[in-house]
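Because the structure is a prediction, the values reported are computed rather than measured. Atoms considered below: every heavy atom in the structure, side chains included; atoms not considered: hydrogens, waters and symmetry mates.
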Amino acid sequence: MIQWLRKVPLFDGMTDEQLERVLQIATKRTLSAGTVLFREKEPGDRFYVILHGSIKIYNRSSSGEEKVLTALADGESFGELALLDGRPRSATAQTLERTMLLEISSDSFMGLLREHFDMVRCILKELSRRQRATNEHVNDLTFLDDRTRILKNLILLANKHGRREGSSIIFRVSLNYEELSRMAGVSISALRESLLELEIKGILLIRDQEYRLQLDKLRA
């Protein structure tokens, strides 16, 4: 577990002794697909790190329409914002598949931050990254067409979750087409048309939930 924690950006630079401390205050949980960890507007009292699996973070409109904000995978953390500002959860978190997590309570989490300033710096860096991503997403919705937004989201998912094999990046995404379309801010029909076009051009190959992005054809 110590070697695994070293791969988590939030714990980067910690000593073995400090990582042992993290494990002492954390609880390991395994959840089935479709489990909601917390809902938007609920009070926040837990912080999470994904050991294995994936999580979607999303909002719902007043009409019940779901907007997927991001999909998180191994080594990523979430749930810290409500602990830092004391306000209710800003989004809902739900497992996309069988997922193993480390869960840390609010009091223990704040104690870690007091003991390790490097963690504070990592969190501030991550929150800044998310704010930039939000700003960029708003810009995309304003200025980019559907096809470009879809392709950009695929590239982002590939960079985040993929593995390189020659001129290809292979990645699995446990999001269905409805969730992918809402992440890109397009209709399902627009998503299907764009994915079919990419497959016909040989840029993308889809088998079940595995995607293969051909970088050489993408550049061309």
Side-chain angles (χ1 to χ4, degrees), residues 4 7-9 31-35 50-61 65-78 91-100 125-126 128-220:
W4 189 93
K7 301 176 184 178
V8 178
L31 306 172
S32 58
T35 301
I50 303 173
L51 297 176
H52 179 71
S54 56
I55 299 282
K56 70 173 178 178
I57 306 295
Y58 65 93
N59 295 128
R60 283 196 186 277
S61 67
E65 183 177 350
E66 182 182 298
K67 167 60 179 174
V68 178
L69 303 176
T70 190
L72 306 175
D74 301 8
E76 296 189 274
S77 58
F78 63 99
T92 299
Q94 183 177 2
T95 57
L96 290 167
E97 58 188 314
R98 182 178 172 83
T99 300
M100 184 182 298
K125 184 177 180 180
E126 173 62 16
S128 296
R129 185 198 65 77
R130 292 179 193 174
Q131 183 59 53
R132 289 178 184 274
T134 299
N135 293 342
E136 186 174 352
H137 183 63
V138 171
N139 184 77
D140 290 350
L141 291 175
T142 304
F143 298 110
L144 299 183
D145 59 34
D146 288 357
R147 180 183 177 279
T148 305
R149 290 207 302 274
I150 291 166
L151 184 55
K152 181 174 181 179
N153 270 266
L154 287 175
I155 293 171
L156 289 173
L157 288 169
N159 288 337
K160 192 173 185 180
H161 304 293
R163 69 180 189 277
R164 185 74 178 262
E165 287 189 4
S167 62
S168 302
I169 296 182
I170 301 171
F171 59 103
R172 288 188 60 82
V173 179
S174 299
L175 296 169
N176 58 37
Y177 277 7
E178 184 177 6
E179 292 165 330
L180 284 172
S181 68
R182 288 174 175 170
M183 179 180 284
V186 302
S187 66
I188 294 181
S189 61
L191 176 73
R192 291 184 183 277
E193 289 173 8
S194 293
L195 293 181
L196 179 59
E197 179 186 352
L198 291 171
E199 285 195 279
I200 291 173
K201 291 182 176 180
I203 295 172
L204 185 68
L205 179 65
I206 304 174
R207 291 292 181 271
D208 296 323
Q209 290 181 311
E210 183 174 272
Y211 295 70
R212 180 185 290 267
L213 196 61
Q214 297 293 137
L215 299 179
D216 52 349
K217 295 185 178 181
L218 179 62
R219 296 189 186 99

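Applying the 6.0 Å contact sphere to CZ of Arg98 captures no more than 12 heavy atoms from other residues, nucleotides or ligands.
Across all their heavy atoms, Lys152 and Leu144 have their closest contact at CD-CD1, 4.3 Å. The two residues Lys67 and Ala184 have their closest heavy-atom pair at NZ-N, 4.3 Å. When all heavy atoms are compared, the tightest approach of Ala190 to Asp146 is CB-OD2, 3.8 Å. The shortest heavy-atom contact between Ser194 and Ile150 is OG-CD1, 3.4 Å. In terms of heavy atoms, Ala93 sits closest to Ile57 at CB-CD1, 3.6 Å.
Atom NZ of Lys217 sits about 12.0 Å away from atom CG of Leu198, to the nearest 0.5 Å. Ser61 contributes atom OG, which lies 10.0 Å from atom CD of Glu66 (distance to the nearest 0.5 angstrom). The line from CD of Glu210 to CD1 of Ile206 is 11.0 Å long, rounded to the nearest 0.5 Å. Atoms CG and CE, from Leu31 and Met100 in turn, are 10.0 Å apart once rounded to the nearest 0.5 Å. Taking CG of Leu218 as the reference point, atom NZ of Lys201 lies at 10.5 Å (rounded to 0.5 Å). For the atom pair CD of Glu97 and CG of Leu175, the computed distance is 10.0 Å after rounding to the nearest 0.5 Å.
With a 4.5 Å cut-off on side-chain heavy atoms, Thr92 and Arg60 do not count as touching. The shortest side-chain heavy-atom distance between Ile188 and Arg192 falls under the 4.5 Å cut-off. Side-chain contact between Leu151 and Leu204 is absent, with no heavy atoms from C-beta onward closer than 4.5 Å. In this structure the side chain of Asn153 never reaches within 4.5 angstrom of the side chain of Leu180, judged on heavy atoms.
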Could you walk me through whether Ile203 and Leu213 pass side chain to side chain contact (heavy atoms under 4.5 Å, CB included), step by step?
CA-CA 6 Å; Ile203 295 172; Leu213 196 61; 4.1 Å; yes

What's the verdict on side chain to side chain contact (heavy atoms under 4.5 Å, CB included) for Gln209 and Val173, showing C-alpha distance, side-chain angles and the deciding distance?
CA-CA 6 Å; Gln209 290 181 311; Val173 179; 6.0 Å; no

Please evaluate residues Asn159 and Ile169 with respect to the criterion side chain to side chain contact (heavy atoms under 4.5 Å, CB included), reporting the C-alpha separation (whole Å), side-chain torsions for both, the decisive distance (0.1 Å), and the verdict.
CA-CA 8 Å; Asn159 288 337; Ile169 296 182; 4.3 Å; yes

Please assess Ser168 against Gln214 for the test side chain to side chain contact (heavy atoms under 4.5 Å, CB included), listing each intermediate value before the final yes or no.
CA-CA 5 Å; Ser168 302; Gln214 297 293 137; 2.7 Å; yes

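Sequence neighbours left out, not one pair with a member in residues 179-205 passes ring-ring contact (aromatic ring centres under 6.0 Å, His included). For residues 168-182, the salt bridge (charged side-chain N to carboxylate O under 4.0 Å, His left out) pairs, not counting sequence neighbours, are Lys56-Glu179, Glu178-Arg182. For the ring-ring contact (aromatic ring centres under 6.0 Å, His included) condition, the pairs that include at least one residue of residues 145-189, sequence neighbours left out, are Phe171-Tyr211.
Formation of a donor-acceptor pair under 3.5 Å by the Lys160 side chain with backbone atoms of Ala71 is found in this model. For Asp74 (side chain) and Gly53 (main-chain N/O), a donor-acceptor pair under 3.5 Å exists by modelled atom type. A donor-acceptor pair is defined here as one N or O able to donate and one able to accept, closer than 3.5 Å; such a pair exists between the side chain of Arg164 and the backbone of Gly166. A donor-acceptor distance shorter than 3.5 angstrom exists from the side chain of Thr99 to the backbone of Ser54, with no hydrogens or angles considered. Thr95 contributes a side-chain N or O that, together with a main-chain N or O of Ser32, makes up a donor-acceptor pair within less than 3.5 Å.
Shown here are the salt bridge (charged side-chain N to carboxylate O under 4.0 Å, His left out) partners of Glu193, two or more places apart in sequence or in another chain: there are none. Shown here are the salt bridge (charged side-chain N to carboxylate O under 4.0 Å, His left out) partners of Arg163, two or more places apart in sequence or in another chain: Glu165. Remark: Phe78 engages Tyr48 in a ring-ring contact (aromatic ring centres under 6.0 Å, His included) (not counting sequence neighbours).
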